[in-house]
Amino acid sequence: PTFVRPASAIPEAACRETVAKFEESMGFVRKSVGYEKAAEIKESLLPNKLESEIFAKEGYCGVAKYLKAKKLVGKSAIPGQ
């Protein structure tokens, strides 16, 4: 039998990828300016409290939509976005 990924898993994977790209960018910032300054920058772009609230309500796709709306990530793989 072949495994077929449910349609709902495809957008979730795209959302996770979008969030991962943002985190990867923040990793570059950490290496460039140091952990403390990078934490300040991330907090100004995506406050931890807000990120937690969005994630609790909407998961990765909610966070990905926020990042895209704020233009914190490039073109998204999120269908319909």
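Quick caveat: nothing in here was measured; it's all calculated off a predicted structure.
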Inset, instruction - Please assess Glu12 against Arg16 for the test salt bridge (charged side-chain N to carboxylate O under 4.0 Å, His left out), listing each intermediate value before the final yes or no. - result: CA-CA 6 Å; Glu12 177 74 13; Arg16 284 178 183 256; 3.5 Å; yes
Residues 40-50, side-chain donor-acceptor partners within the protein, below 3.5 Å, at least two apart:
unit_1 : atom_1 : unit_2 : atom_2 : d
Lys42  : NZ     : Glu51  : OE1    : 2.8
Glu43  : OE1    : Asn48  : N      : 3.0
Glu43  : OE1    : Asn48  : ND2    : 3.2
Ser44  : OG     : Ile41  : O      : 2.7

Mind listing the side-chain donor-acceptor pairs of residues 24-35 below 3.5 Å, one per line with the distance, residues two or more places apart or on another chain?
unit_1 : atom_1 : unit_2 : atom_2 : d
Ser25  : OG     : Lys21  : O      : 3.1
Ser32  : OG     : Phe28  : O      : 2.9

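Take Tyr60 and apply the ring-ring contact (aromatic ring centres under 6.0 Å, His included) test, not counting sequence neighbours, and it matches Phe55.
Glu53 CD to Tyr66 OH: the interatomic distance, rounded to the nearest 0.5 Å, is 11.0 Å.
Taking each heavy atom of Ala64 and Cys15 in turn, the nearest pair found is CB-O, 3.9 Å.
Within 6.0 Å of the CD atom in Glu36, the count of heavy atoms belonging to other residues, nucleotides or ligands does not exceed 12.
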